[in-house]
Amino acid sequence: MMSLAARSGAFSPYMQATAYAVAGPLKPLVPGVIVKAEKLLMDPKKPYLCRETLSGQSPKTGPAVTVSINGCAGVRFAHTDIRVPDFSDYRRSEVIDPHKSSQESSESRRAFSYLFTGVTAVVGVYAAKTVVTQFVSSMSASADVLALSKIEIKLGDIPEGKNMTFKWRGKPLFVRHRTEKEIEAEAAVSLSELRDPQHDRDRVLNPKWVIVLGVCTHLGCVPIANAGDYGGYYCPCHGSHYDASGRIRRGPAPLNLEVPHYEFPDDGTVIVG
């Protein structure tokens, strides 16, 4: 008998979970022996020790369950000692009262969400615009380059029948003051004779002035003015001949000399660029 008690002592912690009963219509969790208080050998009015309390207090009125000689006896009511956490400190004051409608709080939160989203979108668009603007401006020409993008030429310094060369955007610029004979000769040229057909009036704003880039369209050489078989321009590198309108007439060059953008603010000045 003593050895049985000693062996059951090791299982006492595991058997305590089966020594509880729930008052009411629920059934015991494990089969056990229910003993009423008046049938106990001891006086039911006298306090007795219990493994559940170890304080000498008698259990509450109700059934008791005993499973083993080392098991505890007592009554435990379900969910009567569980404390529900209080999260009032973390809740908004508008929703603490359960009887108060949360419609107003919902409207304010929705308005705040819309406002925050709109501000974020505006800031994002402005930041993207700034980045794109800075990137594009970094690739634009510098101030010194823009200063040379236009050139103003005094036409009174160029005598009739002569050609003057200027530097514009790092390239030679030919400005030719044509005579009446040259104007008539270039206007009478048939387009069928030209490799790159283009009428003289389509290349000049004022028939007296021919303004072209001094770059041969063959390999980029610089032609010589007032030279060649047609009295216009001649490229000695590969033998390209241009007339007084800058049109290719003979040689390997495939196209006419390029005409830049220019305008006449007055009769004595031309602005190229």
Side-chain angles (χ1 to χ4, degrees), residues 133 135-273:
T133 302
F135 178 73
V136 172
S137 62
S138 66
M139 297 187 295
S140 61
S142 57
D144 56 343
V145 175
L146 293 175
L148 298 175
S149 60
K150 291 185 178 182
I151 182 174
E152 182 176 334
I153 301 173
K154 299 297 182 180
L155 299 177
D157 299 335
I158 306 174
E160 188 178 11
K162 298 298 181 178
N163 182 91
M164 290 189 67
T165 304
F166 301 88
K167 185 178 181 181
W168 176 68
R169 294 184 180 179
K171 300 178 182 179
L173 180 69
F174 293 159
V175 180
R176 186 185 185 95
H177 190 177
R178 296 192 302 185
T179 62
E180 291 296 334
K181 183 179 179 180
E182 290 175 338
I183 295 174
E184 294 175 359
E186 299 304 331
V189 175
S190 176
L191 296 181
S192 59
E193 301 176 8
L194 301 177
R195 180 178 303 171
D196 185 12
Q198 194 173 16
H199 202 279
D200 180 69
R201 63 174 176 268
D202 297 331
R203 295 178 56 82
V204 296
L205 297 179
N206 188 338
K208 292 183 178 181
W209 301 98
V210 173
I211 302 176
V212 294
L213 293 180
V215 179
C216 181
T217 57
H218 180 219
L219 293 177
C221 303
V222 179
I224 300 174
N226 297 322
D229 297 342
Y230 298 89
Y233 306 94
Y234 171 69
C235 181
C237 299
H238 303 94
S240 297
H241 297 261
Y242 300 88
D243 59 18
S245 184
R247 297 173 295 188
I248 182 64
R249 303 298 293 274
R250 184 185 300 172
L255 302 173
N256 302 330
L257 294 179
E258 182 181 354
V259 178
H261 174 76
Y262 64 92
E263 58 184 2
F264 295 98
D266 53 59
D267 295 339
T269 305
V270 63
I271 297 179
V272 182

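Only heavy atoms go into these numbers, but all of them, side chains included; no hydrogens, no water, no symmetry mates.
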Atom pair CH2 (Trp209) and OH (Tyr262), whose distance is rounded to the nearest 0.5 Å = 11.0 Å

Quick one: are Pro172 and Val215 in side-chain contact, heavy atoms under 4.5 Å?
-> yes

Can Val175 and Ile158 be said to form a side-chain contact (heavy atoms from CB on, under 4.5 Å), step by step?
-> CA-CA 8 Å; Val175 180; Ile158 306 174; 3.5 Å; yes

Is atom CG of Asp267 surrounded by more than 12 heavy atoms (other residues, nucleotides or ligands) closer than 6.0 Å?
-> no

Nearest non-hydrogen partners of Pro236 and Ile224, listed with the distance = CG-CD1, 3.9 Å

Which distance, rounded to the nearest 0.5 Å, do you find between the SG of Cys235 and the CD1 of Ile248?
-> 9.0 Å

Electrostatic pair Glu152:Lys154 at N-O distance under 4.0 angstrom | yes

Determine yes or no for a side-chain-to-main-chain donor-acceptor pair under 3.5 angstrom, with Ser137 supplying the side chain and Thr133 the backbone.
-> yes

Main-chain N/O of Gly232 paired to Asp243 side chain as donor or acceptor, under 3.5 Å = no

For the side chain of Ser138 and the backbone of Phe135, is there at least one donor-acceptor N/O pair under 3.5 Å apart?
-> yes

Measure the spacing between NZ of Lys208 and CD of Glu182 and express it to the nearest 0.5 Å.
-> 13.0 Å

Decide yes or no on side chain to side chain donor-acceptor pair (under 3.5 Å) for Gln198 and Arg203, but give the supporting numbers first.
-> CA-CA 8 Å; Gln198 194 173 16; Arg203 295 178 56 82; 2.8 Å; yes

Indicate the ring-plane relationship of His241 and Tyr234, choosing parallel, tilted or perpendicular according to the 30° and 60° boundaries.
-> tilted

Between His218 (side chain) and Pro252 (backbone), is there a donor-acceptor pair under 3.5 Å?
-> no

Ring-face cation contact, Tyr233 with Arg176, 6.0 Å cut, 45° max | yes

Mind listing the closest non-hydrogen atom pair of Ser190 and Ser192 along with its distance?
-> OG-OG, 2.9 Å

Verdict with supporting geometry, Glu193 and Arg249, salt bridge (charged side-chain N to carboxylate O under 4.0 Å, His left out) | CA-CA 8 Å; Glu193 301 176 8; Arg249 303 298 293 274; 3.6 Å; yes

Calculate, to the nearest 0.5 Å, the distance between atoms CD and OG1 belonging to Glu184 and Thr179 respectively.
-> 8.5 Å

I would like to know whether Arg250 and Tyr230 meet side-chain contact (heavy atoms from CB on, under 4.5 Å); could you show each step before the answer?
-> CA-CA 9 Å; Arg250 184 185 300 172; Tyr230 298 89; 3.6 Å; yes

Do Lys167 and Leu173 come within less than 4.5 Å of each other through their side chains, counting heavy atoms only?
-> no

Worked verdict on Leu213 versus Trp168 for side-chain contact (heavy atoms from CB on, under 4.5 Å) | CA-CA 9 Å; Leu213 293 180; Trp168 176 68; 3.8 Å; yes

Gap separating the CZ atom of Phe166 from the CD1 atom of Ile153, nearest 0.5 angstrom | 4.5 Å

Please lay out, stage by stage, how His177 and Glu160 fare under the test side-chain contact (heavy atoms from CB on, under 4.5 Å).
-> CA-CA 5 Å; His177 190 177; Glu160 188 178 11; 3.9 Å; yes

Look at the side chain of Arg195 and the backbone N and O of Gly251, then say whether any donor-acceptor pair between them is shorter than 3.5 Å.
-> yes

Under 4.5 Å between any side-chain heavy atoms of Val222 and Cys216, yes or no?
-> no

Are Arg247 and Glu186 ion-paired here, with the side-chain N under 4.0 Å from a carboxylate O?
-> yes

Indicate the atoms forming the closest heavy-atom contact of Pro260 with Val212, along with that distance.
-> CD-CA, 4.0 Å

Between CZ of Phe174 and CD1 of Ile211, what distance do you get to the nearest 0.5 Å?
-> 13.0 Å

Can you tell if the side chain of Leu194 reaches within under 4.5 Å of the side chain of Val189, non-hydrogen atoms only?
-> yes

Might you point out which heavy atoms bring Gly268 and Asp266 nearest each other, and give the distance in Å?
-> N-OD1, 3.0 Å

State, yes or no, whether a side-chain contact exists between Thr217 and Tyr242 at a heavy-atom distance under 4.5 Å.
-> yes

Under a 4.5 Å cut-off applied to non-hydrogen side-chain atoms, are Ser245 and Arg178 in contact?
-> yes

